[in-house]
2 protein chains.
Amino acid sequence: MTITDVARHAQVSTTAVSKVVRNAYGVSEAMRVKVQAAIDELGYRPHHAARAMRGRTFTIGVLLPHIRNPFFADILDGLTEEISASGYQAIMVQSGGRDPAAERRAGDALVDRQVDGILWVAPCCAKAQLEQLAKDTPTVVLGRHDRSAVYDCVLDDDEVGAELVVEHLIALGHRRIGHITQKDDLPGRAAALLQTIRARTYERVMTERGLAAHIAVAATSYSEEGGYEGARQLLARDPRPTAIFAGADGAAFGALAAVHEAGLTVPGDVSVAGYDNARMSGLAHIALTSVDQDGAIMGKTAGRLLLERIDGRTSAVRFSVTPTLVTRRSTAPPPRS
Amino acid sequence: MTITDVARHAQVSTTAVSKVVRNAYGVSEAMRVKVQAAIDELGYRPHHAARAMRGRTFTIGVLLPHIRNPFFADILDGLTEEISASGYQAIMVQSGGRDPAAERRAGDALVDRQVDGILWVAPCCAKAQLEQLAKDTPTVVLGRHDRSAVYDCVLDDDEVGAELVVEHLIALGHRRIGHITQKDDLPGRAAALLQTIRARTYERVMTERGLAAHIAVAATSYSEEGGYEGARQLLARDPRPTAIFAGADGAAFGALAAVHEAGLTVPGDVSVAGYDNARMSGLAHIALTSVDQDGAIMGKTAGRLLLERIDGRTSAVRFSVTPTLVTRRSTAPPPRS
DNA sequence: TTGAAAGCGCTAACAG
DNA sequence: CTGTTAGCGCTTTCAA
């Protein structure tokens, strides 16, 4: 079933069919109807690869560190909702998380497949690499705090979010508040990463509130394992913290497990707060205090920005979501002792 | 940067370059070295679309209902590990879960993009559609219990798994054991779906053990919401069950929340067991009894089978994993009362 | 408004 | 073992 078959069946040229398929300018209504009828009758679908050789692929590539993080599911739902109406299809590739070489390969895989636009979630590569990519392919970067003239940024205001958590814990009466962050070995680009913002804000607020002496950071990772290990490090301190602010919900789950395993209760002995407000955090038997940053809106916006760029926009846009604190039962005043 | 540039630079024909790139038969070592040098020097990367017009895309398409289910992450890890060495790239597409029309669109999107093979996870479409697809594209279906001569199947023995759970609960002394299943509106193909097997096995074992009168099934869905709602239905019965077997861990999490919200304790008042042994289930503060089915092995096997099929195998293979029960603190003997 | 024809980068059949 | 050549299905000038 090729464009030639359709042309023959409709008794017109392939050019005419091509124009109808692409909704291009310069086709009479009669022609449109006739060709469309042939298309429907023959069940013709354009050959994707042939199309890609000259024009668009109607594909948006999404680069995710990994699909385990439930927050990404929200982002993807938003994106899908936004782009599906326009005939675009999202394809996802895992970048593998924290290995820059693997991340680069994943990015190249999308470029090679000539996606019309790329949504890159939480990239860990150098900014130069992103700009290089964005020169040729419309790009939206999600979850990074740098600014660029060639790609759009969608992010949550992690400074506000982290501040909300730390202030909340201080208001409850906590002083020894520990933090679990993600440690990446990426010289020079740390300042742009969201984990850096969250950690620095934690330190800033602690300092501003006269609690600099109580700053305690476990640098592991934003995963369940990282949270578990990080919480164990923090709980081993003497005196131990009365509250733990984990930089991500996954890490907070790991922290809850570690607290539990240490024979302590939440929030009786230790309060725990997370970030992202993953769906699971709201379940009654977990009831994790967390920062909500509406991933669906972020994904939807990223999709819109991408379509705009594909459509020709070249100016850079920056979209920042203001997060809110959702307090649940995992945080409470510290024990009296 | 085209194959012609490389050919000119190396002073050879494009055919020679093509053969070197594809590792094809009939190239002298000297030629290989010379061409490879030119490729490296020029940083040549084959044009994907042009390649797709004639031969392979070196792409494997993965069709997932949605990326929220953490079990799928295990599958993908296994798949990636298996195929990465062979130069294949996995791209994922969300089928949207339970809408057959959306699922078909997602499948078509992969076919249109000429992936060399498809791993279809938990499809809900008719078997005929799968066979239609498999006629043209090497296909592996994961998590369905039908047999086919044209595609391979990778699955876990859900009958064994469900039996393990129910027997475990009975051995603990439970008699009123409820089950949460997923209800799809797919006439005729229910028997092939894993949720059907799990539910039927539950009913079979209950009956065999003389507990037919205590069978109680909540037909919602394998999600947190579904588990929550299903558990509420079960707990509303009088007398209420002393144990709940949720057909998936996500649903079990929802069930835990519902039990908690009802002012009951786990496992004091109600035992809860899940299926899949998601990573989170093992965390100390959740400690969910669950059935382990090693998704990484399943994904790895699926990858291998796909590569074999791409390589020419036409006979159908069926790979079944035997699951094991992991008992944790969420299940215990029923209250005395 | 329509159609003929060139050519995108690659692979495969065939000739040397 | 190596090179020449004919397309793959589509879009895009450019004429008519």
Side-chain angles (χ1 to χ4, degrees), chain A residues 1-39 42-59 87 108-109 111-116 136-137 310, chain B residues 1-39 42-59 87 89 108 111-116 136-137 310-312:
Chain A
M1 245 337 97
T2 77
I3 203 171
T4 317
D5 298 321
V6 178
R8 186 162 31 221
H9 193 262
Q11 314 257 46
V12 298
S13 71
T14 59
T15 310
V17 179
S18 176
K19 282 191 171 180
V20 171
V21 167
R22 287 175 295 124
N23 252 319
Y25 179 79
V27 201
S28 69
E29 181 58 15
M31 173 68 91
R32 211 193 58 67
V33 169
K34 184 164 57 174
V35 171
Q36 190 58 54
I39 289 176
L42 272 53
Y44 165 75
R45 289 200 329 234
H47 188 300
H48 180 82
R51 207 168 203 192
M53 293 219 35
R54 313 303 265 107
R56 294 190 182 169
T57 57
F58 295 96
T59 307
D108 285 348
V111 171
D112 286 347
R113 281 160 188 76
Q114 277 180 274
V115 293
D116 294 329
D136 307 316
T137 309
I310 292 171
Chain B
M1 246 335 97
T2 77
I3 204 171
T4 317
D5 298 321
V6 178
R8 187 162 31 221
H9 192 263
Q11 316 256 47
V12 297
S13 71
T14 59
T15 309
V17 179
S18 175
K19 282 192 169 178
V20 171
V21 168
R22 288 175 294 126
N23 252 317
Y25 179 78
V27 200
S28 69
E29 181 57 14
M31 172 69 90
R32 210 191 59 68
V33 170
K34 183 165 58 175
V35 171
Q36 190 58 54
I39 289 175
L42 273 53
Y44 164 75
R45 289 202 328 238
H47 188 302
H48 181 82
R51 211 170 198 190
M53 294 227 22
R54 309 304 269 108
R56 297 191 180 167
T57 56
F58 295 96
T59 307
Q89 170 69 232
D108 285 348
V111 171
D112 286 348
R113 282 158 186 79
Q114 275 180 275
V115 293
D116 296 328
D136 307 316
T137 308
I310 292 172
D311 223 54

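Labels below follow one simple rule: chain letters A, B, ... track the order of the sequence lines, proteins then strands, and each chain is numbered from 1.
No engagement by A:V21 is indicated, since no non-hydrogen atom pair under 4.0 Å with the nucleic acid exists. Residue A:R22 is classed as a base contact, given a heavy-atom separation below 4.0 Å to a base. Contacts of A:Y44 with the nucleic acid, taken as non-hydrogen atoms under 4.0 Å apart, involve only primed sugar atoms and P, OP1 or OP2.
Of all nucleotides listed (C:dT2, C:dG9, D:dC1), C:dT2 comes nearest to the side chain of A:V27. Out of D:dT11, C:dC10, D:dC10, the shortest distance to the side chain of B:H47 is found at C:dC10. Closest to the B:T2 side chain, of the nucleotides C:dG9, C:dT1, D:dT11, is C:dG9. Closest contact between the side chain of A:A50 and the listed nucleotides D:dC10, C:dT2, C:dT11 involves D:dC10. When distances run from any side-chain atom of A:R54 to the nucleotides C:dG7, C:dT2, D:dG3, the shortest one goes to C:dG7.
Contact between the side-chain N/O atoms of B:S13 and the OP1/OP2 oxygens of D:dG3 is found at a separation under 4.0 Å. Distances shown here put every side-chain N or O of B:S18 at or beyond 4.0 Å from the OP1 or OP2 atom of C:dA12. At D:dT4, none of the side-chain N or O atoms of B:T14 fall inside 4.0 Å of OP1 or OP2 (strictly under the cut-off). Look at B:R32 and you won't find any side-chain N or O under 4.0 angstrom from OP1 or OP2 of D:dC1. Applying the 4.0 Å criterion to OP1 and OP2 of C:dT11, one finds that B:R51 has a side-chain N or O inside that range.
Rounded to an integer number of Å, the gap from CZ of B:R8 to C1' of D:dG3 is 16 Å.
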Check the pair B:Y25 / B:K19 against side-chain contact (heavy atoms from CB on, under 4.5 Å), numbers first and verdict last.
-> CA-CA 7 Å; B:Y25 179 78; B:K19 282 192 169 178; over 6 Å; no

Report the C-alpha distance between A:R113 and B:T59 in whole Å, list the side-chain angles of each, state the deciding distance to 0.1 Å, and finish with yes or no for side-chain contact (heavy atoms from CB on, under 4.5 Å).
-> CA-CA 10 Å; A:R113 281 160 188 76; B:T59 307; 2.8 Å; yes

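No side-chain N or O of B:R8 forms a donor-acceptor pair with one of B:T4 less than 3.5 Å apart.
When each of B:V12, B:V6, B:V27, B:T15 is tested with B:V20 by the rule side chain to side chain contact (heavy atoms under 4.5 Å, CB included), just one qualifies, namely B:V27.
With hydrogens and angles left out, the side chain of B:T15 and the base of C:dA12 share a donor-acceptor pair within 3.5 Å.
B:H48 NE2 to B:R56 CZ: the interatomic distance, rounded to the nearest 0.5 Å, is 13.5 Å.
Where B:M53 and B:K19 meet DNA chain D, the nucleotide closest to each residue was compared, and B:K19 sits on the side nearer the 5' end.
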